[in-house]
Asks: 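Following this message is one structure expressed as structure tokens.
Side-chain atoms are counted along with the backbone in the values below, which use heavy atoms only and exclude waters and symmetry mates.
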Amino acid sequence: MAVPEPKITLTGLARKLADANLISEIDADNAFKEAQNKNVHFVTYLVSHDLVSSQDIALTASREFRVPLANIDNISLDQEIIKLVELNMLDKHHVLPLYSRGKNLFVAVSDSTDLSVLDGIRGIKFATKMRVELILVEEDKLAKKIEWAMEVCDDTMKDLAGDLEDLDLVDEDAGDDEEEESEADKAPVVKFINKMLFDAIKMGASDLHFEPYEKFYRVRFRVDGMLRVVAEPPISLARKLAARLKVMSRLDVSERRVPQDGRIKLKVSANKSIDFRVSTCPILWGEKIVMRILDSSAANLNIDILGYEDEQKRLYLEALANPYGMVLVTGPTGSGKTVSLYTGINILNKEGVNISTAEDPVEINLPGVNQVQVDEKTGMTFDKALKAFLRQDPDIILVGEIRDITTGSIAIKAASTGHMVMSTLHTNDAPQTLTRMIDMGLAPFAIATSVNLIMAQRLCRRLCSCKKEDPVPKHALIMEGFSEETIEDPNFKLYKPGGCDKCSGTGYKGRVGIYQVMPISETMKRLIMEGSNSIGIADQAEREGIPDLRKSGLKKVVSGLTSLEEVNRVVNKE
């Protein structure tokens with residue numbers, strides 16, 4: 001016996017829209033339930049998911065419930081009228097006071113049947129002691145006006161914005177016609193966000209962190225690898241700041257329970273734009289938003305200034321000269337792996353060479369290189385991009401990251417069949433990279449015959465010119481890993497950070513790389529095929545005179561480029 005389908009019961013606006021054939025009963029019921037689950041207004045959900053247009057909703061509601069309809073864009077909003085009610089009521093109940101006539105207060109709504117809206121109307125009556133008259137307006141226009149009203153009427157933001165440089169949001173999907181700057185674009189929250197983005201660019205930050213907590217809110221920048229607090233706006237603005245950033249990133253403003261990823265493109269001058277990769281994450285007290293600055297023009301691809309020792313530079317250039325095989329760069333996020341890879345790509349980028357890259361995201365734009373943006377949502381994965389590359393007569397292939405056995409297998413196959421392949425992995429040092437690939441399920445024989453070179457790297461902060469000599473006792477230097485011969489050198493000196501205006505008092509300005517550059521020798525290949533672990537490979541690398549990250553870092557200390565304290569921060573003692 002067939003189970004009868006559950007009966008759908010629609011009321012209010014949902015019923016009227018279904019009766020008008022603007023939406024099916026099933027879709028209306030599902031939308032109503034989903035809006036309740038997400039704690040958003042029904043009309044907001046319909047419009048944000050393109051189920052029914054704002055105009056159709058407003059016309060239907062006005063006709064069916066006999067509420068006057070108006071175009072809110074033609075109404076001049078009065079801040080004093082808006083301030084008659086608590087600002088948090090506007091967003092919570094989705095209502096907006098427009099104007100008053102005697103004892104009558106006219107309030108804009110997009111759904112006169114919504115229980116939350118009706119609660120808001122009762123609250124307005126109680127707060128103002130006035131009779132409330134409803135006016136129906138289109139949902140998308142009401143949402144923009146509420147956002148504007150909450151920002152311009154909120155005095156807590158007015159001291160935060162200050163005098164700002166202009167930053168223009170680039171809409172890559174828009175046409176050539178430019179709209180006039182709206183009132184919302186001049187609001188204090190918008191100005192504050194613009195100031196943070198401009199300051200981050202000016203300070204050379206790599207990341208911006210917007211973080212809400214129970215009793216405070218802070219904004220931090222990562223400059224030269226270290227986070228520092230740059231602003232502490234009122235905690236009451238947490239949702240407004242998150243909403244603004246999500247609007248700029250084209251994310252779902254109503255979705256606050258799951259992480260989202262987006263991008264922002266800002267035009268900072270007539271001929272320069274900067275991309276931001278945006279990631280949201282729900283935390284205990286709201287949404288944390290982290291933005292990574294992707295500025296191609298800031299990347300210096302000169303191999304001579306990246307910090308390679310002469311022997312390390314020679315080994316890297318030799319590996320690049322091979323017509324086939326694999327070069328791997330390993331290290332944590334933010335350690336400069338992409339710059340190292342693109343330095344090599346820049347050297348190889350000639351008219352007679354076909355270079356293709358698959359990255360997530362594309363951080364450096366290099367003319368002459370065929371770059372593919374990986375996007376899981378559209379189905380453009382690393383392995384699909386690689387398969388496409390192999391059908392397009394490639395010479396050199398760059399894979400942003402080997403994350404799984406599928407991508408790894410295709411990359412190794414390409415490296416063993418006459419192509420140069422460059423990629424990254426997340427491991428602590430070069431020897432561990434080989435065992436990590438085996439752990440993925442890749443065959444030891446395939447790894448041994450395809451990998452030519454592995455580079456592990458870290459970024460240390462570079463000492464500013466205000467550095468001071470650092471007297472360290474000999475026994476402490478020995479414990480840190482310095483050799484007796486190095487310490488006894490009459491020119492041996494260590495330096496520590498000073499502090500001046502140039503480095504903002506930190507003692508550091510810029511960063512320098514420390515590297516472990518490990519070519520895969522015949523002995524190492526044999527160890528890999530015999531199933532040796534990373535310790536055995538590391539011992540062989542030491543026997544072959546390949547300095548590990550610690551020793552490379554100590555060389556930078558001896559040369560005065562960085563401090564012992566900084567090397568200890570980024571590299572473990574072994």
Side-chain angles (χ1 to χ4, degrees), residues 11-14 16-17 31-49 52 54 57-58 60-62 64-70 72 75 77-100 103-156 184 187 189 236-244 246-247 252-257 286:
T11 60
L13 182 61
K16 300 301 182 184
L17 293 174
F32 188 82
K33 291 174 181 176
E34 191 63 24
Q36 285 185 317
N37 290 336
K38 290 189 173 184
N39 196 27
V40 298
H41 296 279
F42 175 58
V43 173
T44 303
Y45 185 89
L46 290 176
V47 174
S48 64
H49 288 78
V52 188
S54 287
I57 293 172
T60 302
S62 176
E64 297 294 338
F65 301 114
R66 299 184 181 278
V67 179
L69 177 66
I72 196 171
I75 299 173
L77 300 182
D78 187 337
Q79 293 187 34
E80 296 306 316
I81 294 295
I82 295 170
K83 289 180 180 179
L84 290 175
V85 300
E86 293 287 338
L87 290 181
N88 62 355
M89 289 182 64
L90 307 186
D91 183 49
K92 181 178 180 182
H93 299 293
H94 218 51
V95 295
L96 182 64
L98 297 176
Y99 53 87
S100 63
K103 286 292 184 179
N104 293 338
L105 180 64
F106 293 83
V107 177
V109 300
S110 59
D111 182 2
S112 58
T113 67
D114 190 308
L115 294 178
S116 175
V117 171
L118 296 177
D119 284 342
I121 298 302
R122 283 191 287 271
I124 292 174
K125 286 180 179 179
F126 180 80
T128 63
K129 309 300 182 187
M130 300 175 74
R131 183 184 176 199
V132 174
E133 298 283 352
L134 298 186
I135 295 179
L136 268 170
V137 300
E138 294 177 33
E139 160 60 25
D140 52 355
K141 295 179 179 179
L142 175 62
K144 289 179 181 178
K145 293 295 184 180
I146 288 176
E147 181 184 358
W148 171 84
M150 292 182 68
E151 292 172 351
V152 299
C153 296
D154 191 346
D155 295 331
T156 58
V189 166
S236 60
L237 300 174
R239 283 183 63 175
K240 296 180 188 177
L241 294 170
R244 174 58 186 167
K246 288 163 79 173
V247 167
D252 185 352
V253 178
S254 65
E255 181 57 80
R256 304 186 184 99
R257 299 179 302 170

Asks: So which heavy atom on Ser110 is nearest to which on Leu142, and how close?
Replies: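 Smallest interatomic distance, heavy atoms only, reads N-CD2, 3.7 Å.
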Asks: Would you confirm whether His41, through its side chain, and Ala35, through its main-chain N or O, come within 3.5 Å as a donor-acceptor pair?
Replies: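 Not a single qualifying donor-acceptor pair exists.
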Asks: Does Tyr45 offer a backbone N or O that forms a donor-acceptor pair with the side chain of Ser48 under 3.5 Å?
Replies: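 Yes, because the side chain of Ser48 sits within donor-acceptor range (under 3.5 Å) of the backbone of Tyr45.
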Asks: Which heavy-atom pair separates Ala243 from Val253 by the least distance, and what is that distance?
Replies: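 Looking at all heavy atoms of both residues, the closest pair is CB-CG1, 4.0 Å.
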Asks: Would you sort out whether Leu13 and Val43 count as a side chain to side chain contact (heavy atoms under 4.5 Å, CB included), showing the intermediate values?
Replies: CA-CA 9 Å; Leu13 182 61; Val43 173; 3.5 Å; yes
Asks: State, with a plain yes or no, whether a side-chain heavy atom of Pro97 is found less than 4.5 Å away from one of Leu84.
Replies: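 Counting from C-beta outward, Pro97 and Leu84 never come under 4.5 Å.
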Asks: Can a donor-acceptor pair be found, under 3.5 Å and without considering hydrogens, that links the side chain of Ser62 to the backbone of Pro68?
Replies: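 Pair absent, no side-chain N/O of Ser62 close to backbone of Pro68.
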Asks: Would the number of heavy atoms belonging to other residues, nucleotides or ligands and lying under 6.0 Å from CZ of Phe32 be above 12?
Replies: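 Counting neighbours around CZ of Phe32, 12 or fewer heavy atoms of other residues, nucleotides or ligands fall under 6.0 Å, so no.
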Asks: For the backbone of Ile124 and the side chain of Thr128, can you confirm whether one donor and one acceptor N or O come within less than 3.5 Å of each other?
Replies: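 The answer is yes, because a donor-acceptor pair under 3.5 Å joins these two groups.
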Asks: For the pair Leu98 and Ile81, evaluate side chain to side chain contact (heavy atoms under 4.5 Å, CB included) and give the outcome as yes or no after the intermediate values.
Replies: CA-CA 7 Å; Leu98 297 176; Ile81 294 295; over 6 Å; no
Asks: Does the side chain of His94 come within less than 4.5 Å of Thr44's, by heavy atoms?
Replies: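 Thr44 reaches His94 side chain to side chain.
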Asks: Would you check if Ile135 and Ile72 make a side-chain contact, meaning some heavy-atom pair closer than 4.5 Å?
Replies: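 Not in contact.
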Asks: What's the spacing between Tyr99 OH and Glu133 CD if we round to 0.5 Å?
Replies: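 If I round to the nearest 0.5 Å, the distance is 9.5 Å.
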Asks: If you compare all heavy atoms of Asp252 against all heavy atoms of Ser254, which two are closest, and at what distance to 0.1 Å?
Replies: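 Minimum heavy-atom contact is OD1-OG, 2.6 Å.
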Asks: Strictly by modelled atom types, are Ser54 and Glu138 linked by a side-chain donor-acceptor pair under 3.5 Å?
Replies: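 Result is no, nothing qualifies.
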Asks: Just verifying a value: how many Å separate Met130 CE and Lys125 NZ, rounded to the nearest 0.5 Å?
Replies: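 The distance works out to 12.5 Å.
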Asks: Apply side chain to side chain contact (heavy atoms under 4.5 Å, CB included) to residues Leu77 and Lys145 and explain how you reach the verdict.
Replies: CA-CA 9 Å; Leu77 300 182; Lys145 293 295 184 180; 3.9 Å; yes
Asks: Please check: side-chain N/O of Glu147 versus main-chain N/O of Ala149, any donor-acceptor pairing under 3.5 Å?
Replies: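 No, the answer is negative, given that no donor and acceptor are paired below the 3.5 Å cut-off.
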Asks: Do Arg122 and His93 have side-chain heavy atoms sitting under 4.5 Å apart?
Replies: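 They are not in contact (no side-chain heavy atoms under 4.5 Å apart), so the answer is no.
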Asks: Indicate the atoms forming the closest heavy-atom contact of Ala58 with Leu136, along with that distance.
Replies: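 Smallest heavy-atom distance, with atoms named: O-CD1, 4.2 Å.
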Asks: Please check if the number of heavy atoms outside Lys103 that lie under 6.0 Å from its NZ is greater than 12.
Replies: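 Check fails, neighbour count at 12 or below.
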Asks: Could you walk me through whether Ile82 and Leu90 pass the side chain to side chain contact (heavy atoms under 4.5 Å, CB included) check?
Replies: CA-CA 9 Å; Ile82 295 170; Leu90 307 186; 3.9 Å; yes
Asks: Could you tell me the separation between the CG atom of Leu118 and the OG1 atom of Thr113, rounded to the nearest 0.5 Å?
Replies: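 It comes to 7.5 Å.
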Asks: Which residues pass the ring pair (Phe, Tyr, Trp, His ring centres under 6.0 Å) test with Phe65, not counting sequence neighbours?
Replies: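 By the ring pair (Phe, Tyr, Trp, His ring centres under 6.0 Å) rule, Phe65 matches no residue at all.
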Asks: Do other residues, nucleotides or ligands put more than 12 heavy atoms under 6.0 Å from Arg257 CZ?
Replies: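 Atom CZ in Arg257 is crowded, with more than 12 foreign heavy atoms closer than 6.0 Å.
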